[in-house]
Chemist: 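Sharing a structure here in structure tokens format.
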Amino acid sequence: MQLLLKKLIEKNRDWVNHGKAANYIPELNKMDSKNLGVVLVDTGGKVYRAGDYQVKFTVQSMSKPIVLLLALLDNGEDTVFKKVGKEPTGDPFNSMVKLETLNPSKPLNPMINAGAIAVTSLIRGKSKEEKFFRILDLFRKISQNPKLDINMDVYLSEKKTGDRNRSIAYFLRDVGILEGDVEEILDLYFRQCSIEVTCEDVANMGMFLANQGFDRGSGKNIVPKYLTQIVKTFMVTCGMYDASGEYAINVGIPSKSGVSGGIMCAVPNKMGIGVIGPALDLKGNSIAGIKILEDLSKELKLSIF
Ligand code: GLU
């Protein structure tokens, strides 16, 4: 396995020259777009690493499925899906175009920014700090890394430049989807996106979903299986932005990407995979990361279809 991962990194490394690191959050543009790393964790907890797997990066949109899990635990399906739909959009992740044309004005799914902000608004806690701590605590548990924390530079950079997310959030309050203090909800969302991880953390998070909510740390199921199924289904239908259909055909693994260039994969009952490759394609996915996953899926027959 180790050799295979190494071979796939070498084979696909040139792809990093065909994309660019995100620049709409200035701090993300400082990432080295030449990096490419992968970590795979199997059900027995065995870890395989290759390439620039030690690189640190922020979870960005890979936070969306995990915060959705917490919102579902906190509120149940009925409350969550009153605020956010279950359908793919075919539009970019930060698009606002359908918000006004759809009736009712409800974000189409929890993997786009509008839907994710609505989901974050449902996290329970007496204060902003308690809400964020509950999010961070879940990330720490499922990544098997009690030291996870936010990258302050990325958080402040996104908070300063997040006008599009701000517009989405204020619109959502106007139409009654968001309730309460919009700036506080946005702050929580920017924080969740800025949690800093490595490929191994992400592979463990994917493994948690692949393992139907079983927490290796405590040896217990900490999330009901059916909730992990809901989240993985969103990862299939909407996890790779508006390239989710093509990715499902070519890779076929429930996955979520982030604009940092990370991809979190959950191969049901088999393994979790974490990839980093900050050079993005035009849809915002790691260009070399996808190539590695296409090869890996074929070599190991990982497609769920
Ligand atoms: N923090 C990013 C944003 O809201 C997340 C986007 C992403 O990773 O897709 O724009």
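In this text the structure is predicted, and so the values were computed from the model without any measurement. Below, each value reflects all heavy atoms present in this structure, side chains not excepted, and no hydrogens, waters or symmetry copies. Remember, it's 1-based here, ligands and their atoms both numbered in the order they're listed.
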Chemist: Should D32 and P278 count as side-chain neighbours, where that means a heavy-atom distance under 4.5 Å?
Modeler: no
Chemist: Cation-pi check for Y241 against K256: NZ or CZ below 6.0 Å from the six-membered ring centre and within 45 degrees of the axis, yes or no?
Modeler: yes
Chemist: Could you tell me which non-hydrogen atom of G274 sits nearest to which non-hydrogen atom of V202, and how far apart they are?
Modeler: CA-CG1, 3.7 Å
Chemist: To the nearest 0.5 Å, how far apart are CD1 in I292 and CD1 in I263?
Modeler: 9.0 Å
Chemist: Around ligand 1, what residues show up once you keep those with a heavy atom under 4.0 Å from it?
Modeler: Y24, Q60, S61, F93, N113, E158, N165, Y189, C193, Y241, G258, V259
Chemist: Compare all side-chain heavy atoms of V223 with those of V231 and state whether any distance is below 4.5 angstrom.
Modeler: no
Chemist: Can we say D52 and R13 salt-bridge, meaning some charged N sits less than 4.0 Å from an Asp/Glu carboxylate O?
Modeler: yes
